[in-house]
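Below: one structure, written as structure tokens.
Predicted, not measured: the structure shown is a model, and the values here were computed from it. Below, read A as the first sequence line, B as the second, and so on, with proteins coming before strands; counting in each chain starts at 1.
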Number of protein chains: 2
Amino acid sequence: MKDRRKAILEAAARVIARRGVRGLRVEELAAEARVSKALVYYHFEDRAGLLRHTLEFIGDRAERYTRRDPAGRPHEPVSPLRELERRLLLELQDAPEVRENSTAWGELRASAVFDPELREELAQAGLDWVREIADLLGRAGPTVPDAALVASAERLTALLEGLSTRWLIGLLPLRHARELMREAIAVELERLELPDRPAVCTVR
Amino acid sequence: MKDRRKAILEAAARVIARRGVRGLRVEELAAEARVSKALVYYHFEDRAGLLRHTLEFIGDRAERYTRRDPAGRPHEPVSPLRELERRLLLELQDAPEVRENSTAWGELRASAVFDPELREELAQAGLDWVREIADLLGRAGPTVPDAALVASAERLTALLEGLSTRWLIGLLPLRHARELMREAIAVELERLELPDRPAVCTVR
DNA sequence: GTCTATAAAGCGATAGAC
DNA sequence: GTCTATCGCTTTATAGAC
């Protein structure tokens, strides 16, 4: 009951989803968590510290829903291609937690354009993310040169980021964004000549 | 010489490219334009009005370099596919004006996630943009159903936005971003069965 | 139209009581 | 640990002279 610290982090995640990292005001956050401003400073030193811990909190939550099933257990191993699709569609869901995560990551990317300090951490995360997708593609088609896998992974992840932003803006219904993502995966697989899955529905 | 109004708008575009929409301070902008703060308010009412006019200004500039050659004349008509490629690669250039525009549009999209007021204008521009790309695809392959053209256009434009952000963050060298975009175009054309252009280099 | 000076508001951060 | 009250800087916006 008295874990106010966690309540503050959860509230921070909600406020970031509503106002953005740059729009987060300590006062609004305190109100959201139903605590005083001073308590926020007591637990997190200053605004920057609060932000650090909140982003870590959000990252941990993402980790959880990335690698575990809804009940919290590591999810069943599936084929590399299924896993690939699962991973890429994970960010396109309307659950509050996921939406908060997508929003925060989008903001982080957007902020990094103007804040060199953010770039380093983001660069590492971005590379890891591309690498994971490339590996999943590689496990499905072991004879494809690595450079081609990486190029496909880069396109897929960049597309995901673009679609995610458009979804969050309200420019693209979630269903449609997911559909576009699925088709893009299929198109890339065709290009890599790994059509051991339902072929892309042909256009005409 | 005394068109300070225009000088302010140009300065605003530069400051937005440097600090972002949300990082723009009227004081910094005034210094950049070498005018007093008060003059900014005289010409543009308030910060929101300044932002509106600046974004309009940036949009007009983009319009100009989208439809005209460097000398300012409407550029030579080319084949739909060449035009398609030209349009999609236009935003991925290192010229200061283009970089400013890309940065500003990226910020606009990112800000719109948290600001419903920005969405309307952005929504219209986004729809027009998809429509134009879809039309160019359609002119190249008149028998393809419209829904498929739109889907391809949506993927290509969303990808462009993702790549552009990654470029501006410094996560993707410009050359590489352009290469990924070109390949994506080729892949989509193959999918639409419009391979009347150099085929995608096969992977293995 | 353009400036200098200043008011007014917003917001991060701290002091001190309980 | 948690609160109320307040300080001080930053930033938007206005008043009034030229």
Side-chain angles (χ1 to χ4, degrees), chain A residues 1-58 103-104 107-108 110-111 113-118, chain B residues 1-58 104 107-108 110-118:
Chain A
M1 163 92 198
K2 278 294 137 61
D3 202 0
R4 245 94 168 204
R5 202 171 189 276
K6 193 179 169 202
I8 292 173
L9 289 173
E10 286 166 348
R14 287 196 300 277
V15 174
I16 287 177
R18 195 161 59 231
R19 307 279 183 219
V21 169
R22 288 171 283 185
L24 180 142
R25 299 287 165 258
V26 178
E27 182 144 27
E28 182 177 1
L29 154 65
E32 174 85 22
R34 294 177 198 268
V35 300
S36 68
K37 256 197 309 182
L39 192 62
V40 177
Y41 288 99
Y42 172 78
H43 280 299
F44 299 99
E45 183 85 346
D46 57 12
R47 188 180 179 279
L50 167 70
L51 240 37
R52 254 199 337 277
H53 282 92
T54 305
L55 294 173
E56 186 188 351
F57 172 75
I58 290 174
T103 307
E107 255 283 282
L108 209 49
S111 304
V113 174
F114 310 105
D115 181 355
E117 281 191 32
L118 287 178
Chain B
M1 164 89 199
K2 279 294 137 60
D3 203 1
R4 245 96 168 203
R5 202 170 188 279
K6 193 179 169 201
I8 292 174
L9 289 173
E10 286 166 348
R14 288 196 299 277
V15 174
I16 287 177
R18 194 160 61 231
R19 308 277 185 223
V21 168
R22 285 169 285 188
L24 180 143
R25 299 286 166 258
V26 177
E27 181 144 30
E28 181 177 1
L29 154 67
E32 174 87 21
R34 295 179 198 268
V35 299
S36 67
K37 262 193 304 182
L39 192 63
V40 177
Y41 288 100
Y42 172 78
H43 280 299
F44 300 100
E45 184 83 348
D46 58 11
R47 189 181 178 280
L50 167 70
L51 239 38
R52 255 199 337 276
H53 283 92
T54 304
L55 295 171
E56 186 186 350
F57 171 75
I58 289 172
E107 254 286 280
L108 202 52
S111 304
V113 173
F114 311 106
D115 181 353
E117 281 191 32
L118 288 177

Practice problem: Round to the nearest Å and state the distance from B:L50 atom CG to D:dA13 atom C1'. | Solution: 13 Å

Quiz prompt | Nearest listed nucleotide, side chain of B:K37, among D:dT12, C:dC3, D:dT2 | solution = D:dT12

Quiz item: Does a side-chain N or O from B:R47 land closer than 4.0 Å to OP1 or OP2 of D:dA13, or not?
Solution: no

Quiz item: The side chain of B:L39 lies closest to which of these nucleotides: C:dG12, C:dG1, D:dT2?
Solution: C:dG1

Self-check item: Gap between atoms CD and C1', on B:E27 and D:dT11 respectively (whole Å)
Solution: 8 Å

Quiz item: Out of C:dT2, C:dC3, D:dA13, which has the shortest distance to the side chain of B:A38?
Solution: C:dC3

Quiz prompt | Nearest-Å distance for atom pair CD1/C1', residues B:I8 and C:dT2 | solution = 10 Å

Quiz item: Looking at B:Y41 and B:R47, what are the two nearest heavy atoms and their distance?
Solution: CE2-N, 4.3 Å

Self-check item: Comparing B:R34 and A:E45 on DNA chain C - which has the more 5′ nearest nucleotide
Solution: B:R34

Quiz item: Is a side-chain N or O of B:E107 found less than 3.5 angstrom from the main chain of B:V21, in a donor-acceptor match?
Solution: yes

Practice problem: Among the candidates C:dG1, C:dA15, C:dG12, find the nucleotide nearest to the side-chain atoms of A:Y41. | Solution: C:dG12

Quiz item: Roughly how many Å is it from CZ in A:F44 to P in D:dG1, rounded to a whole number?
Solution: 12 Å

Exercise. Please round to the nearest 0.5 Å and tell me the distance separating atom CD of A:E10 and atom CD1 of A:I58.
Key: 11.0 Å

Quiz item: OP1 or OP2 of D:dT10 sitting under 4.0 Å from any side-chain N/O of B:R25?
Solution: no

Quiz item: NA contact type, A:L24, heavy-atom cut-off 4.0 Å: base, sugar-phosphate, or nothing?
Solution: sugar-phosphate

Quiz item: Can you tell me how far the CZ atom of A:R52 sits from the OG1 atom of A:T54, to the nearest 0.5 Å?
Solution: 10.0 Å

